[in-house]
Amino acid sequence: MKAWRSVATTITSYALGLFMIAKAPWYLLPLAWAWTGTAITGFFVIGHDCAHKSFSRNKLVEDIVGTLAFMPLIYPYEPWRIKHDRHHAKTNMLTGDTAWHPPYKNEFQSSTPLRKAMIFGYGPLRTFMSIGHWLIWHFNLEKFRPSEIKRVKISLACVFAFMAIGWPLIVYYTGIWGWIKFWLMPWLGYHFWMSTFTMVHHTAPHIPFKAPKEWNAAQAQLNGTVHCDYPRWIEILCHDINVHIPHHISPRIPSYNLRGAHQSLQENWGKYLNEASWNWRLMKTILTICHVYDEEQNYVSFEEIAPEDSQPIAFLRKMMPDTA
């Protein structure tokens, strides 16, 4: 019942968001988009629980609900589930973690176009980097084992069916501007949270990424994961996905039990936990410092390695406030 209540919460908040978009004057549309983009992030969290087998005792129900929850996001459920399992298996492992890992110095310095792309991707555009990850990882059949291909193709077919049916219907009834207003802008809002949550979950100057031979699973899950408190309305709409440390200790814990599990971790393992509040200082630190992998310092800023190309990072450092 708790799992299905989360579905009802997301459907209701999403419907409210669509109503707000339909009725809001142009100058209030950004607020409506922010609400709706956050609301549909709840669909991702529901599919996320299904992928971890923490939504229902019935695997078929989980696969159906997960697929349906991901379809409006144009996320193929099965490819994401497979890649996400590898993220949990190799959290904060260099080259092994499929969520993200910092680039190497030689990779960063290999070519000027790549270097400039990395500076923008890990700097000003980082809160939308999940779009690139979505395109690169989830639609390429060559990235999956032969035994996985059949299920991957089913998920891809569901996503393409939504695009082939849902998008033309939106355009037919509301026009191109309606497609932008009702689907694209909330979808970009979802990717803002997808990128931000993923970035904050495992990134801080003192949290290392380790080479496979030095990597320790227990340390990576407990000490390499960040608990971050967001405004309460975001936590409610996103079903506590940011209570993230217990999720990495045991992915089978459902989202509605994460706060209780985190309290237990605080009582028993508190000195090992990384806890933060989402604020400008946190974002500024990640966007301006946590760039290129360094074995001793964990991270080196782009500005240290290539100051002549790092004007976007210098701009962020100057413009973003330091307020907590």
Side-chain angles (χ1 to χ4, degrees), residues 9-10 13-14 16-18 20-21 24 26-48 69-75 80 83-84 87 98-100 117-138 159 179-204 226-244 255 276-291 312-313 315-316 319-321 323:
T9 298
T10 292
S13 60
Y14 179 45
L16 176 60
L18 294 178
M20 291 164 61
I21 292 171
W26 65 268
Y27 52 86
L28 291 180
L29 275 175
L31 294 177
W33 288 331
W35 172 274
T36 311
T38 308
I40 62 172
T41 305
F43 282 123
F44 168 79
V45 181
I46 290 165
H48 174 266
F70 272 28
M71 280 172 61
L73 309 174
I74 314 299
Y75 249 81
W80 180 86
K83 293 300 180 186
H84 189 67
H87 160 63
T98 57
W100 90 278
M118 284 185 178
I119 288 170
F120 275 96
Y122 286 86
L125 300 181
R126 194 162 179 179
T127 52
F128 291 96
M129 274 286 280
S130 60
I131 296 175
H133 188 274
W134 163 73
L135 283 171
I136 293 169
W137 279 100
H138 300 96
V159 165
W179 179 82
I180 294 171
K181 189 167 68 168
F182 287 101
W183 186 83
L184 180 63
M185 297 307 293
W187 184 78
L188 291 174
Y190 153 71
H191 271 287
F192 170 82
W193 288 124
M194 182 72 168
S195 301
T196 299
F197 291 166
T198 303
M199 175 175 66
V200 173
H201 282 163
H202 302 287
T203 311
V226 176
H227 168 88
C228 187
D229 290 315
Y230 288 75
R232 187 65 187 139
W233 69 277
I234 296 174
E235 302 276 21
I236 292 171
L237 293 187
C238 298
H239 308 303
D240 287 333
I241 187 64
N242 295 294
V243 185
H244 207 61
S255 57
S277 295
W278 191 58
N279 54 53
W280 282 110
R281 183 186 300 164
L282 174 69
M283 295 295 288
K284 183 176 183 178
T285 297
I286 294 174
L287 294 177
T288 62
I289 294 176
C290 299
H291 295 148
I313 306 302
F315 176 79
L316 288 177
M319 297 302 296
M320 292 182 73
T323 52

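Reckoned from all heavy atoms, side chains included, excluding hydrogens, waters and symmetry mates.
- Checked by atom type and distance alone, the side chain of His239 never pairs as donor or acceptor with a backbone atom of Phe44 at under 3.5 Å.
- Looking at heavy atoms from C-beta onward, Glu235 lies in side-chain contact with Asp229 at the 4.5 angstrom threshold.
- For the atom pair CD1 (Ile131) and CE (Met129), the distance works out to 10.5 Å, reported to the nearest 0.5 Å.
- When every heavy atom of Leu188 is checked against every heavy atom of Phe128, the shortest pair comes out as O-CE2, 3.3 Å.
- Atom CD1 of Ile313 is separated from atom CD1 of Ile119 by 6.5 Å, given to the nearest 0.5 angstrom.
- Put simply, CD1 on Ile21 and CG on Leu29 are 7.5 Å apart, with the number rounded to the nearest 0.5 Å.
- Taken from NE2 in His291 to CE in Met118, the straight-line distance is 12.0 Å, to the nearest 0.5 Å.
- Just one residue in the list Thr38, Ile40, Leu18 forms a side chain to side chain contact (heavy atoms under 4.5 Å, CB included) with Pro186, and that residue is Ile40.
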(message) As a quick check of understanding, evaluate side-chain contact (heavy atoms from CB on, under 4.5 Å) for His227 and Val243, giving each step before the final call.
(response) CA-CA 5 Å; His227 168 88; Val243 185; 4.0 Å; yes
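- Taking the six-membered ring for Trp and the full ring otherwise, the centers of Phe70 and Phe43 sit at least 6.0 Å from each other.
- The shortest non-hydrogen separation linking Cys228 to Leu282 is SG-CD2, 3.9 Å.
- With Trp80 contributing its side chain and His48 its backbone, the two residues share no donor-acceptor pair below 3.5 Å.
- Annotation: side chain of Trp183 is in contact with side chain of Ile74 (closest heavy-atom distance under 4.5 Å).
- How far CE of Met283 is from CH2 of Trp278: 6.0 Å, rounded to the nearest 0.5 Å.
- Aromatic rings from His87 and His201 are positioned such that their centres are separated by 6.0 Å or more.
- Proximity of a side-chain donor or acceptor of Trp35 to a complementary backbone N or O of Ser13 within less than 3.5 Å is detected.
- In this structure, His244 contributes its side chain and Asp240 its backbone to no donor-acceptor pair below 3.5 Å.
- Rounded to the nearest 0.5 Å, atoms CG (Leu316) and CZ (Arg126) are 11.0 Å apart.
- Scanning both residues, Thr36 and Gly17, for their nearest heavy atoms gives OG1-CA, 3.1 Å.
- Across Pro312 and Pro124, no two heavy atoms sit closer than the pair CB-CG, 3.7 Å.
- Met20 is not listed as a side-chain neighbour of Trp33, based on a closest heavy-atom distance of 4.5 Å or more.
- At a threshold of 4.5 Å between non-hydrogen side-chain atoms, the residues Ile234 and Phe197 count as touching.
- A ring-centre distance under 6.0 Å is not found for Trp134 and His138.
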(request) Assess whether side-chain contact (heavy atoms from CB on, under 4.5 Å) is satisfied between Ser130 and Trp193, documenting all intermediate values. (result) CA-CA 9 Å; Ser130 60; Trp193 288 124; over 6 Å; no
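- The nearest pair of heavy atoms linking Ala39 to Thr10 is O-CG2, 3.5 Å.
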